[in-house]
Amino acid sequence: MSSTKYNPQKIEPKWQKRWELQKLYKTSTVGGSVTDSKKKKVYVLDMFPYPSGQGLHVGHPKGYIATDIYSRAKKMQGYNILRPMGWDAFGLPAENYAIKHKIHPETAAQKNIKRFKEQLSVLGFNYDWEREINTTDPKYYKWTQWIFLQLFKKKLAYKSYEPINWCPSCKTGLANEDVENGLCERCSTPIEQKPMYQWMLKITKYAEKLLNDLTELDWEKHIKEAQRNWIGKSNGATISFELKTQNKKQKTTTKKLKLIKVFTTRTDTIFGATYLVIAPENSIIKNLKLKIKNYNEVAKYIEKAKHKTELERKENKTKTGIELKGITAINPANEEEIPIWVSDYVLTVYGTGAIMAVPAHDQRDFEFAQKFNLPIKQVICENYPAPICPILKKAYEGNGKLVGSEKFNGLQYKEGIEKITEWLTKRKLAKKTTNYKLRDWVFSRQRYWGEPIPIIYCRKCWENEQKTTNKKIKEGYDYIKINDLEYMIVPVLEKDLPVKLPKIKNYKPTGTGESPLANIKEWVNVKCPRCKKPAKRETNTMPQWAGSSWYYLRYIDTKNNKTLVDKKKELYWSPVDMYVGGAEHATRHLIYARFWHKFLYDIGIVNYKEPFKKLYSVGLIKGEDGRKMSKRWGNVINPDDIVARFGADTLRVYEMFMGPFSDSISWNIENLMGAKRFLDKIFKLHSKTQIIKHKQNTNKEIEKLLNKTIKKVTDDIESFKFNTAISSLMILINEIVKEQKNIPSSQLKILNSKFLILLSPFAPHLAEELWKKLGNKISIHLEKWPNYDKNFILEKKINIIVQVNGRFRGAIEIDKNLPENKIKEIALKNEKIKIWTANCYIVKTIFVPNKIINFIVKQY
RNA sequence: GGGCGAGUGGCGGAAUGGCAUACGCGCUGGAUUCAAAAUCCAGUGAGAGCAAUCUCUUGAGGGUUCAACUCCCUCCUCGCCCACCA
């Protein structure tokens with residue numbers, strides 16, 4: 001009848017089909033029944049995949065297996081579960097793949113999704129596929145566009161013309177987050193700075209909230225730290241330096257050119273500021289043009305700096321620069337006249353784009369000063385009163401007290417910052433300032449495969465506006481100048497959403513700063529929704545990160561045509577209780593999604609401030625050679641092959657048993673065989689006819705072990721320690737196999753049932769198969785999770801460790817909670833202990849109840 | 001340069017103040033087999049010993065403690081993230 005060999009190839013597809021037919025994993029609809037909405041919920045979410053052309057490798061499912069186990073266990077523990085899956089299919093990689101293989105991106109995306117879904121389906125996951133979403137579906141991106149319109153209404157989406165990161169290979173602008181070490185994150189091409197019109201999202205307005213609310217989140221520390229660093233808050237002061245032309249007595253007259261402002265966190269070092277440095281792109285330079293005697297040379301330097309890629313700037317550690325001749329600045333602290341330089345080691349995008357250089361206490365300034373022979377003045381000393389300071393070999397960046405700083409001498413540097421800032425502020429020369437490294441999000445891409453930005457440019461509206469109102473309108477938010485003609489920026493009406501991405505033949509990037517959509521006349525030319533006169537559509541598209549910044553909300557209410565998500569349903573299901581994905585998203589997806597979520601909260605769309613309550617990051621599965629799995633190294637392992645050879649349950653158990661979930665560990669086929677053997681052993685135990693001896697007593701030992709195992713597996717699943725959960729299951733099964741002849745059949749049956757329930761989240765197919773074999777009619781996955789009996793775990797007899805002088809010398813079995821003096825008596829009578837206490841007297845006894853007794857002894 | 005984390009058998013790892021090396025892999029020996037695979041049994045950190053047993057051992061050094069893989073300090077090595085951010 002039933003086969004005696006464990007045959008996953010046969011049983012796994014069988015159960016997958018049945019589960020699907022039974023709709024075992026359909027999420028219960030909330031709102032319909034009272035009991036359901038009263039039931040506690042758990043929302044378990046994987047970072048949805050980007051369906052690439054290569055398909056999945058064995059590393060991808062690791063996180064999905066973990067969430068599968070977690071959600072299965074939670075369901076059995078009585079929770080309402082939401083566990084959906086979907087596809088993040090817009091964006092550069094999909095488009096580049098499509099261009100390379102000469103297939104339309106839409107066709108490629110569909111093909112890749114199909115392949116991914118097939119690969120996932122053989123692993124036996126409990127996704128509710130009725131809630132599948134796809135970011136490229138117009139019904140979905142309608143709401144991505146809708147969010148953009150809301151951002152626009154609140155002036156958090158604006159147009160700006162400034163130099164941004166440009167990838168010459170992908171032919172598009174990129175966000176700061178898409179650049180790694182000066183290279184394009186997708187294709188590793190050096191990034192250039194190119195000024196162009198861009199849609200920007202004002203994420204900086206949320207910098208403080210994004211930073212502060214991190215404390216509430218139950219996330220791994222390193223992810224939170226990564227976000228903190230990325231936001232990069234620093235408190236300091238903006239200090240004004242007055243300018244002087246070469247004609248020393250005559251200060252510059254133009255009001256605009258009177259000052260240069262710098263940002264510093266170290267006001268205490270201002271007496272050591274011996275020159276100023278301005279970033280080449282800083283507009284101050286152009287404004288000072290007439291005063292600069294060597295302007296031509298300066299202009300040349302600036303031109304050269306502009307053409308350097310980010311990478312060249314960073315790689316070339318030797319500092320370059322040029323002095324602005326004919327113009328100097330006054331150090332507001334000591335009234336000293338100091339030179340002004342231009343150098344590309346100062347960034348335009350941070351602070352004011354100008355710095356006060358303190359070469360004695362900043363290594364970068366130090367290098368620059370040395371190269372150009374500028375004075376280096378030490379104002380912080382480690383020892384105070386300072387000995388004659390030796391000539392510095394490098395900048396002293398440590399702590400210390402102030403010297404050479406007139407009345408502030410002797411102050412601890414922190415106090416110095418306070419006092420000097422106060423002193424300058426009173427004279428209106430400084431202002432406390434906070435700066436962030438976080439920059440506004442460059443939100444437009446000059447590419448085809450993305451959500452169209454729902455904006456229309458109307459010349460007529462601009463003209464009407466000029467005629468009819470005196471209202472001040474603002475460039476970027478309200479109008480835009482293209483080729484010297486102004487246009488009003490008109491948002492698409494909400495009722496006209498979605499703005500569908502037209503299907504076109506030529507979708508290759510143009511490189512002109514416009515997307516290929518610009519060539520589709522019939523799409524670009526539209527009626528203005530305001531004045532109904534001819535107008536033009538925005539042709540840039542949204543970046544890859546747009547759709548993924550809110551997808552977790554849509555799963556709650558996938559089919560809603562009226563709103564993004566029903567607020568009541570959102571109240572019930574949000575926030576995501578368990579979110580699992582790669583750590584590489586710490587400063588991209590996770591920060592963007594938090595930003596959008598906070599915005600949606602502020603405009604009343606969602607009920608909670610934060611989207612993801614708890615977060616675990618998946619550790620990488622490396623190749624057998626220890627390198628990252630990649631086509632390049634030929635070390636990629638395909639999950640389909642593993643499933644075909646060993647079965648999905650083996651793959652699942654192995655990947656969870658490899659080691660700690662967040663660690664990256666190399667694939668090892670022999671270890672995988674170990675997981676297979678574990679499942680074989682279970683199958684074998686169940687297929688053997690049990691020989692039953694009658695009238696046996698309940699086996700107390702195995703009962704105790706069972707209860708311990710229930711506790712261990714339950715706790716370990718909760719804290720994502722799957723490796724030790726599996727190890728405790730192994731211990732239990734080994735013991736059952738060994739002891740089965742000493743276990744009465746009625747007890748063995750219960751034991752086996754409970755074991756299978758504990759196993760079922762890890763190896764759902766095998767557990768189901770054996771569950772049926774035990775005679776059960778209803779799926780094991782609908783069973784209740786077992787409780788453990790505390791009384792079995794709390795043992796009556798316990799082992800107490802006996803130490804002499806802190807060293808282990810034996811263990812004694814005693815009744816639990818025996819008083820110290822009794823234990824002492826027993827221990828000292830013990831033969832083994834006697835050896836170590838002979839001829840000694842006891843100086844001290846350390847006793848930890850039910851754990852240890854330690855005698856400190858000395859020889860007579 | 002800054003931030004975060006890690007270093008334990010031949011390997012993946014367990015233990016997070018209280019018997020270091022659970023569990024798995026590998027290896028060695030044996031059973032089974034014509035033979036192999038699979039399976040089962042025994043052993044497996046190092047050193048000494050016939051043995052009971054003892055000594056040493058968690059990257060290095062120091063400290064706290066009756067007791068340290070675990071806590072503190074210094075150093076070394078590796079990994080990840082960020083980086084001319086003033």
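Labels below follow one simple rule: chain letters A, B, ... track the order of the sequence lines, proteins then strands, and each chain is numbered from 1. Quick caveat, the model's predicted, so the values are computed rather than measured.
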Rounded to whole Å, please give me the gap between [atom1] in [X] and [atom2] in [N].
X	N	atom1	atom2	value
A:L590	B:rC82	CG	P	13 Å
A:L705	B:rC23	CG	P	12 Å
A:I856	B:rU65	CD1	P	13 Å

What does [X] touch in the nucleic acid at a heavy-atom separation under 4.0 angstrom: a base, only the sugar-phosphate, or nothing?
X	answer
A:S234	sugar-phosphate
A:D365	nothing
A:G674	sugar-phosphate
A:V277	nothing
A:I731	sugar-phosphate
A:I665	sugar-phosphate
A:N734	sugar-phosphate
A:I852	base
A:D362	nothing

Between [M] and [N] - [atom1] atom distance, rounded Å:
N	M	atom1	result
B:rA20	B:rC69	C1'	7 Å
B:rA14	B:rG9	C1'	13 Å
B:rU21	B:rU70	C1'	15 Å
B:rC78	B:rG59	C1'	10 Å
B:rG10	B:rG5	P	29 Å

Using purine N1 to pyrimidine N3 plus N6-O4 or O6-N4 for Watson-Crick, or N1-O2 and O6-N3 for G-U wobble, each under 3.5 Å, what pairs with [N]?
N	value
B:rA6	B:rU77
B:rA48	B:rU53
B:rG17	none
B:rA35	none
B:rU28	B:rA42
B:rU64	none

Mutual orientation of the aromatic rings belonging to [X] and [Y] [parallel < 30°, tilted 30-60°, perpendicular > 60°]:
X	Y	value
A:F720	A:Y616	parallel
A:F722	A:F762	perpendicular
A:H589	A:H585	perpendicular
A:Y350	A:F263	perpendicular

At less than 3.5 Å, do the side-chain atoms of [X] and the base atoms of [N] form a donor-acceptor pair?
X	N	value
A:K437	B:rC82	no
A:N671	B:rC25	no
A:Q803	B:rG18	yes

Side chain to side chain, [X] and [Y], heavy atoms closer than 4.5 Å:
X	Y	result
A:H361	A:Q378	yes
A:R266	A:Y413	yes
A:L766	A:P8	no

State which of [options] makes the closest approach to the side chain of [X].
X	options	value
A:E670	B:rG26, B:rA22, B:rG13	B:rG26
A:K851	B:rG13, B:rA83, B:rG18	B:rG18
A:K319	B:rC84, B:rG18, B:rC66	B:rC84

Would [X] and [Y] count as having a side-chain donor-acceptor pair, cut-off 3.5 Å?
X	Y	result
A:E367	A:Y345	no
A:W230	A:E177	yes
A:S687	A:Y6	no

#### Entry: Over-ring placement of A:K62 relative to A:F661, 6.0 Å and 45° cut-offs
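Yes, cation above the ring, under 6.0 Å and within 45°.
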### Task
Answer syn or anti for B:rG63, where the cut-off is 90° from 0 on the glycosidic torsion.
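Anti conformation for B:rG63.
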#### Entry: Ring-ring centroid check A:Y654 A:F646, cutoff 6.0 Å
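No: the rings miss the under 6.0 Å criterion.
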Is there any protein nitrogen or oxygen under 3.5 Å from a nitrogen or oxygen in nucleotides 47-57 of chain B, and what are the pairs?
unit_1, atom_1, unit_2, atom_2, d
B:rU55, OP1, A:R809, NH2, 3.4
B:rC56, OP2, A:R807, NH1, 3.1
B:rC56, OP2, A:R807, NH2, 2.9

What are the atom names and distances for every N/O pair under 3.5 Å that joins the protein to nucleotides 36-45 of chain B?
unit_1, atom_1, unit_2, atom_2, d
B:rU39, O3', A:K684, NZ, 3.4

### Task
Apply side-chain hydrogen bond (donor to acceptor under 3.5 Å, both in side chains) to A:D178 and A:W545, showing your working.
CA-CA 10 Å; A:D178 297 324; A:W545 307 106; 2.9 Å; yes
### Message
If the test is side-chain contact (heavy atoms from CB on, under 4.5 Å), which one of A:N854, A:I852, A:I800 qualifies with A:F847?
### Response
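In the set A:N854, A:I852, A:I800, the residue that makes a side-chain contact (heavy atoms from CB on, under 4.5 Å) with A:F847 is A:I800.
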Can you give me the N/O atom pairs linking the protein to nucleotides 5-10 of chain B at distances under 3.5 Å, or say none if there are none?
unit_1, atom_1, unit_2, atom_2, d
B:rG5, OP1, A:K221, NZ, 3.2

